[in-house]
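In what follows, a structure is listed as structure tokens, so that the remarks can point back to it.
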Amino acid sequence: MTMTSHSRTGRRAATVAAVAALALIAAACTGEPEQAPSSVLKPIDQDSLQTLLDGKIRELRVPGAVVLLRTPQGEFRVGAGTTELGVQSPPDPGTHFRIASNTKTMTSAVILQLAQEGKLALDDPVSRYVTGVPNGDAITLAQLLEMRSGLYNYTNSPELAKTLDTDPTKVWTPRELLDIAFAHPPNRPPGTDYEYSNTNYALLGLVVEQAGGQPLATAMHDRLFAPLGMANTFLPEATSNAIPAPSSHGYLYGSSSVALYGEPEYTPEMTAAIEARTVAPTDYTGVNHSFAAAAGGVVSTADDLATWMRALTGGKVLDAEYQRIWAVSIRPESPDTPRQEYGYGISRLSWGPHAITFHGGETAGYNSFMGVDTANDVTLVVWTNQPVSPEDAPTANAIMVSVLDQIYVESPLAAAPAATPAAAFESAPCPSPNVAGFPTLDFPADVQCGYLTVPENRSKPDGKKIKVFTARVPAASPTPQPDPIVWLAGGPGGAGSFQVTTLTQQGLNADRDVIFVDQRGTHHSDPLLSCPEYDEFVNDAISVPFSAESTTAAEAPVIKACRDRLAAAGNDLAAYNSAENAADIADLRVALGIAEWNVYGVSYGSKLALTVLRDHPEGIRSVVLDSVSPPANNISETWWQAPASSFRGIFAACAAQPSCAAAYPNLEADFFATVTRLTATPVVVQATDPATGAPLTVNIDGFPFAYAVIMASERGDASRVPKMIADMARGDTAETVAAMLALQTPPEIVGLGGHALAFSVFCREHTNLTTEDAALATARSALPQFPDQVLKVQPKQGRMFTECPVWDVGSDPGMTAPTVSDVPVLILEGALDAATAPGWVDIVRPGLTRSQYVEFPLTGHSVLDKHPCAMTIMNAFLTDPTRPVDAACAGRTTLTFVTE
């Protein structure tokens with residue numbers, strides 16, 4: 001992996017040297033750790049960290065350095081060397097220093113706070129606030145935040161470096177700095193490629209002052225530093241060169257240009273002189289950092305930066321909505337560097353199952369890194385007082401690499417599970433029956449079945465092998481196209497084999513073979529990792545208050561029983577995840593000898609498709625995403641947004657249809673009032689079990705009622721939803737009871753779902769990366785009318801914050817990386833989708849540069865099997881993915897609400 005950004009005032013911490021070093025470490029760490037495999041961190045020892053830092057400052061020729069590390073094992077405070085050459089003055093985490101581009105995290109936070117207050121919008125053009133900006137009408141504030149404005153970086157100018165060297169106390173105005181930048185033409189059009197530029201943040205500092213009505217230093221103090229108790233952090237006055245005591249001097253060998261933009265590189269003679277200590281570094285402490293200001297001017301301490309990063313990543317700075325916007329802004333800088341990411345003033349470094357949200361800073365005299373691994377409760381701050389080593393490596397980054405290697409069991413930047421050349425495919429007779437008791441789902445006679453054998457865990461290639469089932473339906477055409485479709489089911493835990501007959505009858509295989517996959521751990525794959533006890537628990541829960549605490553408490557032992565049973569059978573439950581799942585799909589293409597194919601994914605299958613496209617793009621001709629679940633969206637936190645948008649759509653559609661509006665004039669108010677009433681006082685009804693004919697008690701509280709409304713548009717359409725709501729509001733339970741009974745899992749289906757894949761994906765990739773408080777806050781924002789008791793149950797998966805601690809499979813922040821690709825993509829979405837919100841499409845589209853989007857009015861989840869024109873649109877897209885599709889038929893969607 002390489003890094004192309006060489007703009008060094010506040011240059012990102014993941015530079016060429018750091019990333020190369022991380023890659024070397026990952027390659028070198030082949031031994032087995034002494035700890036149990038489930039342990040994420042090695043035992044951490046203060047003395048070992050001290051020894052490491054003492055050695056690194058000698059190796060890097062750094063006068064002084066600090067490491068502040070906080071983990072569940074405790075806090076480790078390590079300083080080495082001196083704050084001033086010729087003086088014995090060891091630095092510590094309370095020593096002040098210039099944090100350089102770490103300032104950007106703070107400037108970005110103020111901008112986002114102003115946006116959440118409505119004082120600006122992220123899509124505002126910068127010309128609204130600052131005049132004279134090249135392309136200013138086309139450059140948005142969001143593009144400035146994410147380094148995609150295309151503007152020349154003023155700190156790359158030799159003119160600036162020369163002045164810093166010859167007149168270090170010069171006071172710079174923002175306009176002087178912008179004049180330097182604007183004297184150069186833009187490097188590229190706005191909104192295209194990533195390019196690190198301090199000009200972006202110089203502009204954002206002016207935007208803060210225009211929109212917020214106060215100086216940037218005051219805004220940072222009042223909004224950030226004071227509320228968080230960061231008493232040792234401030235943006236100095238432009239006229240001030242001083243750093244308050246206790247502080248560190250800052251040194252650099254050569255011109256300030258070495259730190260600003262990496263030139264001139266050290267000659268062999270200069271390197272030898274530094275190594276031999278026959279040349280002294282220059283003291284740059286007194287350089288006036290008004291030249292950096294909003295891009296890199298803040299002074300702080302390691303203690304304060306640790307506080308800052310925990311607050312920023314932990315939701316203490318932004319509200320829930322803007323915390324999500326900030327988090328999902330992080331995306332790959334280019335398709336070639338999928339794990340090298342930047343967002344709104346923030347970066348992410350990911351390796352294996354781990355990720356650190358971070359920023360770095362480099363300026364004449366100082367280099368620093370601050371990062372948080374929220375999943376494992378690790379906070380790391382490193383700073384040095386000499387930014388560039390004799391080998392031209394950023395010094396704090398080099399130390400950070402060594403610290404990460406010393407504390408993590410799995411070394412940084414381990415690659416995503418690679419497609420396995422040894423994966424083998426073997427044909428086999430198709431299972432018969434496909435699903436016992438459902439003859440209509442049996443495989444047609446011409447379907448070709450088989451199994452792909454792959455490692456259960458690709459980090460253990462010699463370990464257990466599993467089999468992934470496939471069913472290949474030949475094309476109906478006598479002259480089929482050479483590129484088949486691979487169909488990825490939703491869930492997670494659903495299986496392609498359930499859909500073979502239905503989608504074949506709908507013509508999915510008209511021109512191409514279609515390969516249906518039972519993903520690892522599902523239906524006909526071996527092993528099937530199912531929890532029939534969970535299916536039975538959910539069925540039985542129809543007779544008790546579903547959202548009550550007593551029901552929540554009763555669920556945990558059920559999950560534990562399933563987990564214990566599956567684990568005792570030798571299954572590595574953590575390996576049933578999206579990364580391994582995607583590698584299975586990549587292996588399948590190779591094993592079948594397919595040069596190119598088209599990937600279709602629905603619901604969770606769309607997340608899997610995006611993961612395959614991100615991690616294994618080889619051989620993908622096109623992608624169809626139906627009802628999008630973005631990897632970068634923490635669905636455990638945002639899930640209630642989908643029902644909320646669906647409810648609003650149904651209410652609006654009813655109001656627009658005269659017969660519905662007349663029949664149900666108070667539909668919205670009746671719905672919310674009924675959910676609240678049923679939560680407080682459930683209605684109990686005696687019914688008949690549709691499977692056995694035995695009497696069955698049905699308990700209707702707020703959640704089952706809301707869930708019945710949610711599932712109406714998923715299982716069919718929303719035509720009866722207004723009637724169900726109105727009937728229930730006046731005490732008629734028939735519609736609701738019928739809907740609830742229809743959602744019972746039939747006895748023949750109990751135990752056929754891939755529960756292990758479902759629990760492991762939701763827990764590792766979503767729930768364990770957030771908190772129940774954060775999820776509840778987001779749910780309240782989406783549906784403030786709902787009682788908390790209802791919102792604490794996720795609308796599709798249930799009680800994940802109860803389930804996941806019991807399921808115990810750790811976390812994988814790396815799976816949240818967005819997909820960046822120029823492969824043609826067609827996105828299909830139903831406007832009434834209550835499982836995956838139509839608004840989530842906006843999360844994936846920025847990275848999909850050749851995507852088309854078709855929204856189907858009055859349609860729910862999983863568009864392809866609901867709307868006849870969806871198949872027509874998809875087939876046209878597959879014929880030529882480069883041409884715009886004709887989506888007119890989608891706009892002609894109609895739905896008549898039942899009023900009798």
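We use all heavy atoms of the structure for the numbers below, so side chains are in, but hydrogens, waters and symmetry mates are not.
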For [X] and [Y], does a side-chain donor sit closer than 3.5 Å to a side-chain acceptor?
| X | Y | result |
| --- | --- | --- |
| Asn200 | Ser149 | yes |
| Lys104 | Thr107 | no |
| Asn102 | Thr105 | no |
| Thr357 | Arg348 | no |
| Thr849 | Asp822 | no |
| Asp165 | Ser256 | yes |
| Gln641 | Trp840 | yes |
| Ser290 | Asn288 | yes |
| His861 | Ser603 | yes |
| Asn634 | Thr770 | no |

Report yes if some heavy atom in the side chain of [X] is under 4.5 Å from a heavy atom in the side chain of [Y]; otherwise report no.
| X | Y | value |
| --- | --- | --- |
| Glu829 | Val854 | no |
| His359 | Met370 | yes |
| Leu151 | Leu203 | yes |

Grab the two heavy atoms, one from [X] and one from [Y], that are nearest each other, plus how far apart they are.
| X | Y | value |
| --- | --- | --- |
| Pro125 | Tyr129 | O-CD1, 3.9 Å |
| Asn367 | Ala396 | OD1-N, 2.8 Å |
| Asn153 | Thr199 | CA-OG1, 3.6 Å |
| Ala831 | Pro838 | O-CG, 3.8 Å |
| Ile843 | Pro630 | CG2-CB, 3.9 Å |
| Leu141 | Val126 | CD2-CA, 4.1 Å |

Mark yes or no for whether [X], through its side chain, and [Y], through its backbone, hold a donor-acceptor pair below 3.5 Å.
| X | Y | answer |
| --- | --- | --- |
| Gln210 | Val207 | no |
| Thr859 | Pro857 | yes |
| Tyr154 | Phe291 | yes |
| Ser240 | Glu237 | no |
| Asp615 | Val612 | no |
| Arg98 | Tyr366 | no |
| Ser368 | Gly360 | no |
| Ser606 | Gly601 | no |
| Glu146 | Ser329 | no |
| Trp172 | His289 | no |

For [X], look at atom [atom1] and say whether over 12 heavy atoms of other residues, nucleotides or ligands are found less than 6.0 Å away.
| X | atom1 | answer |
| --- | --- | --- |
| Lys316 | NZ | no |
| His221 | NE2 | no |
| Arg883 | CZ | no |

### Task
Could you check whether the rings of Phe358 and Phe369 sit parallel, tilted or perpendicular, using 30° and 60° as the cut-offs?
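Rings of Phe358 and Phe369: parallel, under 30°.
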
### Task
Specify whether Tyr196 and Tyr342 have parallel, tilted or perpendicular ring planes, treating 30° as the upper limit for parallel and 60° as the lower limit for perpendicular.
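Ring orientation of Tyr196 relative to Tyr342: perpendicular.
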
Would you mind checking if [Y] and [X] are paired as a salt bridge, meaning a charged N to carboxylate O distance below 4.0 Å?
| X | Y | answer |
| --- | --- | --- |
| Glu668 | Arg648 | no |
| Arg324 | Glu637 | no |
| Glu117 | Arg223 | yes |

### Query
Are the ring centres of His184 and Phe182 closer than 6.0 Å?
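Distance test on ring centres: not under 6.0 Å, no.
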
### Query
Are Tyr344 and Trp326 near enough that their ring centres are under 6.0 Å apart?
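For Tyr344 and Trp326, the ring centres are not under 6.0 Å apart.
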
### Tyr853: side-chain hydrogen bond (donor to acceptor under 3.5 Å, both in side chains) partners, not counting sequence neighbours
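With neighbours one apart ignored, the set is Glu855.
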
### Task
Just jot down the ring pair (Phe, Tyr, Trp, His ring centres under 6.0 Å) partners of Tyr322, sequence neighbours excluded, or say none.
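Checked Tyr322 against ring pair (Phe, Tyr, Trp, His ring centres under 6.0 Å); zero matches.
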
### Query
Met220 and side chain to side chain contact (heavy atoms under 4.5 Å, CB included): which partner among Gln214, Met230, Met106?
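Checked Gln214, Met230, Met106 against Met220; only one passes side chain to side chain contact (heavy atoms under 4.5 Å, CB included): Met106.
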
#### Entry: Residues Val110, Leu224; criterion side-chain contact (heavy atoms from CB on, under 4.5 Å); working and verdict
CA-CA 8 Å; Val110 176; Leu224 310 177; 3.7 Å; yes

### Query
Should Phe856 and Ile873 be marked as a side-chain contact (heavy atoms from CB on, under 4.5 Å) after you check the CA-CA gap, both sets of side-chain angles, and the distance that decides it?
CA-CA 11 Å; Phe856 292 75; Ile873 291 172; 3.9 Å; yes

